[in-house]
Amino acid sequence: MFAQLNHWIFIAVTAVDAILLLRVLQLKLHRTYLFITLACALTVFFDGVALWLGPESNENLQVFLYSRFLYVFILPAAAYDVWEEVKTQIAQIRKLAALRLVASLTLASIFGLIIAAVAGREEGGDALFDTFAIILWAAASTASLAFLWSMHRVLAAQKITTSGNTAVWLVYFQLLLAAEVLTCFLLIAGRAFSTVVIDSLEFSLNLYQISITIWCTWKLRGIASGVPSTPENANF
């Protein structure tokens with residue numbers, strides 16, 4: 001039952017992702033949020049590839065794993081882009097947090113390569129590639145989430161408020177990255193769960209993604225007068 005439901009809900013996920021991309025383009029937010037727009041476009045592209053190849057096919061799994069190497073760069077860049085509308089006010093804070101983000105990713109890449117090499121020796125070359133891709137993806141998601149969280153805490157401590165699209169993107173990407181980390185865990189520990197449990201968790205994650213994407217699409221607003229530092233309000 002869940003297998004058929006997941007097929008249809010994945011189509012819904014693709015449609016909602018496409019609507020978010022169209023919303024970003026319609027509001028001309030791509031002029032300010034270059035990497036977020038790129039992340040939205042790549043999501044729609046890979047969703048389309050998955051539907052074409054079949055979400056459960058081996059070919060799609062390989063495309064998915066290859067794409068994770070790309071997301072190692074896209075996720076941190078999108079997280080950095082979240083603050084683009086208020087960059088003049090937080091330039092130094094964002095720069096220091098970004099340096100910590102890069103350092104975390106570098107260390108995670110080294111440890112990920114060591115772990116993947118051990119797995120590859122035990123299970124073969126494919127295991128090396130698959131494990132390394134998932135570990136890097138998990139590292140990029142976790143480091144990007146930590147970057148957003150630490151930035152939010154520092155700004156709150158300094159009584160710098162986040163509003164408008166900045167607040168919307170902040171909430172959206174924190175929720176999205178948390179789901180990415182959970183997905184990585186399920187891919188690594190998936191053998192410990194039954195097929196029914198995996199299918200039900202996949203169904204729940206897809207519903208979750210649809211919900212946060214619809215919310216984000218609804219809350220985004222155009223930037224007043226085209227000035228990045230004076231966004232229109234997006235009330236919660």
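These numbers were taken from a predicted model, which means no experiment stands behind them.
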If we ignore hydrogens and angles and just use 3.5 Å, is the side chain of T166 paired with the main-chain N or O of T162 as donor and acceptor? no

Could you check if a side-chain atom of L27 sits within less than 4.5 angstrom of a side-chain atom of L220, using non-hydrogen atoms only? yes

Can you name the residues that form a side chain to side chain contact (heavy atoms under 4.5 Å, CB included) with E59, not counting sequence neighbours? L53, S57

Closest contact, heavy atoms only, E85 versus T32: CG-CG2, 4.1 Å

Between V72 and A140, the two heavy atoms sitting closest are CA-CB, 3.8 Å

Sequence neighbours excluded, the answer for side chain to side chain contact (heavy atoms under 4.5 Å, CB included) partners of F73 is none

Side-chain heavy-atom pair E56, L61 within 4.5 angstrom cut-off: no

What pairs with Y71 under ring-ring contact (aromatic ring centres under 6.0 Å, His included), at least two apart in sequence or on another chain? none

Please examine the side chains of E202 and L186, heavy atoms only from C-beta on, and report whether any two atoms are closer than 4.5 Å. no

Minimum heavy-atom separation for I90 to W83, with atom names? CD1-CB, 3.5 Å

Distance-minimising heavy-atom pair for P76 and L105: CG-CD1, 3.5 Å

Considering residues at least two apart in sequence or located in another chain, which fulfil the side chain to side chain contact (heavy atoms under 4.5 Å, CB included) criterion with A179? L205, Y208

If hydrophobic clusters are built by linking Ile, Leu, Val, Met, Phe, Trp and Tyr wherever their side-chain heavy atoms come under 4.5 Å apart, do V82 and V181 end up in the same one? no

Within 45° of the ring axis of F64 and under 6.0 Å from its six-membered ring centre, is that where the NZ or CZ of R68 lies? yes

Cluster link W215 to W218, ILVMFWY, side chain under 4.5 Å: no

I'd like to check I11 versus L51 (side-chain heavy atoms, cut-off strictly below 4.5 Å). Are they in contact? yes

Could you name each residue pair satisfying salt bridge (charged side-chain N to carboxylate O under 4.0 Å, His left out) that touches residues 91-109, not counting sequence neighbours? E84-R94

When you compare the side chain of Y80 with that of F147, does any pair of heavy atoms fall below 4.5 Å? yes

I134 to L187 - nearest heavy-atom pair and separation: CD1-CB, 4.0 Å

Going by chain and number, the hydrophobic cluster around L22 (ILVMFWY, side chain to side chain under 4.5 Å) further includes none

For residues 133-158, which residue pairs qualify under side-chain hydrogen bond (donor to acceptor under 3.5 Å, both in side chains), counting only residues two or more places apart or in two chains? W137-E180

Same apolar cluster: L42 and W52, side chain cutoff 4.5 Å: yes

May I ask you to list the residues sharing a hydrophobic cluster with V44, side-chain cutoff 4.5 Å, ordered by chain and number? L21, L25

More than 12 foreign heavy atoms under 6.0 Å from CZ of F69: is that the case here? yes

Rounded to the nearest 0.5 Å, what's the gap from CG on L29 to CG on D81? Could you check? 11.0 Å

Closer than 3.5 angstrom, by distance alone: can the side chain of N206 be matched with the main-chain N or O of I9 as a donor-acceptor pair? no

In one Ile/Leu/Val/Met/Phe/Trp/Tyr side-chain cluster, 4.5 Å: L70, F173: yes

Test of understanding: with side chain to side chain contact (heavy atoms under 4.5 Å, CB included), list the residues that count as partners of V16, not counting sequence neighbours. I210, T213, I214

Cluster check L34, L176: I/L/V/M/F/W/Y, side chain < 4.5 angstrom: no

Sorted by chain and residue number, the side chain to side chain donor-acceptor pair (under 3.5 Å) partners of Q26 (sequence neighbours excluded) come out as R23

Partner residues of F45 under the ring-ring contact (aromatic ring centres under 6.0 Å, His included) criterion, sequence neighbours left out: none

Kindly indicate whether the side chain of C216, heavy atoms from C-beta on, has any atom under 4.5 Å from the side chain of W169. yes

For A78 and I36, which heavy atoms make the closest approach, and how far apart are they? O-CG1, 3.7 Å

Whether the side chain of D47 engages the backbone of D17 through a donor-acceptor N/O pair (distance < 3.5 Å, no angle test) should be reported. no

